[in-house]
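Input: a single structure, listed below in structure tokens.
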Protein chains: 2
Amino acid sequence: MELVKIHECLCDRTRLRLLHVLLQGPLCVCHFQDVLREPQVKISKHLAYLRTRGLVTCSREGNWMVYRLEAKPTSVLRANLACLQDCAREEPVFRRDLARLHRLAPVIASTGPCGCGPAAC
Amino acid sequence: MELVKIHECLCDRTRLRLLHVLLQGPLCVCHFQDVLREPQVKISKHLAYLRTRGLVTCSREGNWMVYRLEAKPTSVLRANLACLQDCAREEPVFRRDLARLHRLAPVIASTGPCGCGPAAC
DNA sequence: TGCGAATATTCTTTAATAGGCATATGAATC
DNA sequence: GATTCATATGCCTATTAAAGAATATTCGCA
């Protein structure tokens, strides 16, 4: 994928936050809602955006849709995600997301990223 | 500057190219025209865009405006520019720009980045 | 002071984007 | 089969952005 295309994906705050959280591991939409504190539509649409552009994939687990980073990213994408992870350290929005994600960890650990049991995904 | 803001600057092909070329050193608008092969308005506007957001600075040298990368970039900006330089290697557009820039090198060497003499800038 | 060269700005059109609301889909459960 | 939960999509609006044409500015020089 072209470099510009990647940056088009990265030039929206919500998408940056989604990708940043996904760097920690797969997650379902409802957990994204908890972590980002943003409405379902917003999250769902941006995930769809990222999916159609090949940055993330998703799989259905019962009622839940689990999103994860593309398994075989291009080197360019990989570089940019690494850069994101690095830069995000400095900004409160991202740190807050991570804090909420970690607070959610016990739940995720017991239910899996999709609430469907620890082994399922 | 916020990470999103940086990415907003990077999500346009022309601006990516401008920054990528600037990583090689300062340059004036007319040389940018030669290197990118894009109309003056387009280049001038995008440079203004980058200037107002603090990614580049400029100084007048006679009739010429010499643009250069911000001298004291934030660590986040620095990381992203490094990433750009890295990724650009893989894409023909950027390589072509560099090729034309280097073909221009003798001119720049004899006139300076602004055509105003080698020592002036 | 008037002209030409390099660059910037204004204006307009066109296209893309995000966001929200309402609604649709799809799976699970009763 | 109806309901419910999780998620996706369609439609609408408001905002933003890019590009080009034309014009303005700023400087150097005759």
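Naming: A, B, ... by sequence-line order, numbering from 1 per chain. Just so it is clear, the model here is predicted, and its values are computed rather than measured.
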task: Grab the CG-P distance between B/L50 and D/dA17 for me, whole Å please.
output: 13 Å

- line: The answer to which of A/N63 and B/Q33 contacts DNA chain C further toward the 5' end, by nearest nucleotide, is B/Q33

query: Between C/dA18, D/dT7, D/dG20, which one does the side chain of B/V41 approach most closely?
result: D/dG20

- request: Give a yes/no on whether any side-chain N or O of A/S44 is located under 4.0 angstrom from OP1 or OP2 of D/dA8.
  value: yes

- line: The answer to which of A/E8 and B/Y67 contacts DNA chain C further toward the 5' end, by nearest nucleotide, is B/Y67

task: Consider the side chain of A/M65, meaning its heavy atoms from C-beta on, and name the nucleotide among D/dA18, C/dC11, D/dA8 that approaches it most closely.
output: D/dA8

- request: Give the rounded distance in Å between these two atoms: CD of A/Q40 and P of D/dT9.
  value: 11 Å

- prompt: To the nearest Å, how far apart are B/K42 NZ and D/dA22 P?
  reply: 18 Å

task: Counting heavy atoms from C-beta on, name the nucleotide in D/dA18, C/dT17, C/dG19 closest to the side chain of B/Y49.
output: D/dA18

- prompt: Between A/H46 and C/dG19, is there a side-chain N or O to OP1/OP2 distance below 4.0 Å?
  reply: yes

statement: B/K45 NZ to C/dT12 P, in whole Å, measures 13 Å

field: Among D/dT7, C/dT7, C/dG19, the nucleotide that comes nearest once only the side chain of B/W64 is considered
entry: C/dT7

A/L18 CG - C/dG19 P separation (whole Å): 11 Å

query: What is the distance, rounded to the nearest whole Å, between atom CZ of A/R53 and atom C1' of C/dA16?
result: 11 Å

task: Could you tell me the separation between the CD atom of B/E61 and the C1' atom of D/dT26, rounded to a whole number of Å?
output: 14 Å

query: Within the distance-only criterion (no hydrogens, no angle test), does the side chain of A/N80 pair as donor or acceptor with the backbone N or O of A/V76 below 3.5 angstrom?
result: yes

- prompt: Do the charged groups of B/R95 and B/E90 touch, with an N to O distance under 4.0 Å?
  reply: no

- prompt: How is B/R15 classified with respect to the nucleic acid when contacts are heavy atoms under 4.0 Å: base, sugar-phosphate, or nothing?
  reply: sugar-phosphate

task: Check whether NZ of the Lys or CZ of the Arg B/R15 lies under 6.0 Å from the centre of the six-membered ring of B/Y49 and within 45 degrees of that ring's axis.
output: yes

- request: Look only at the side chain of A/R51 and the backbone of A/V56, and say whether a donor-acceptor pair between them is shorter than 3.5 Å.
  value: no

message: Do the side chains of A/D34 and A/R37 get close enough for a salt bridge, i.e. N-O under 4.0 angstrom?
response: no

message: Less than 4.0 angstrom between a side-chain N/O of A/R60 and OP1 or OP2 of D/dA6, yes or no?
response: no

field: Which nucleotide in D/dA18, D/dT9, D/dC27 has an atom nearest any side-chain atom of A/A48
entry: D/dT9

Atom pair distance, as rounded to whole Å: CZ in B/R13 and C1' in C/dA16: 15 Å

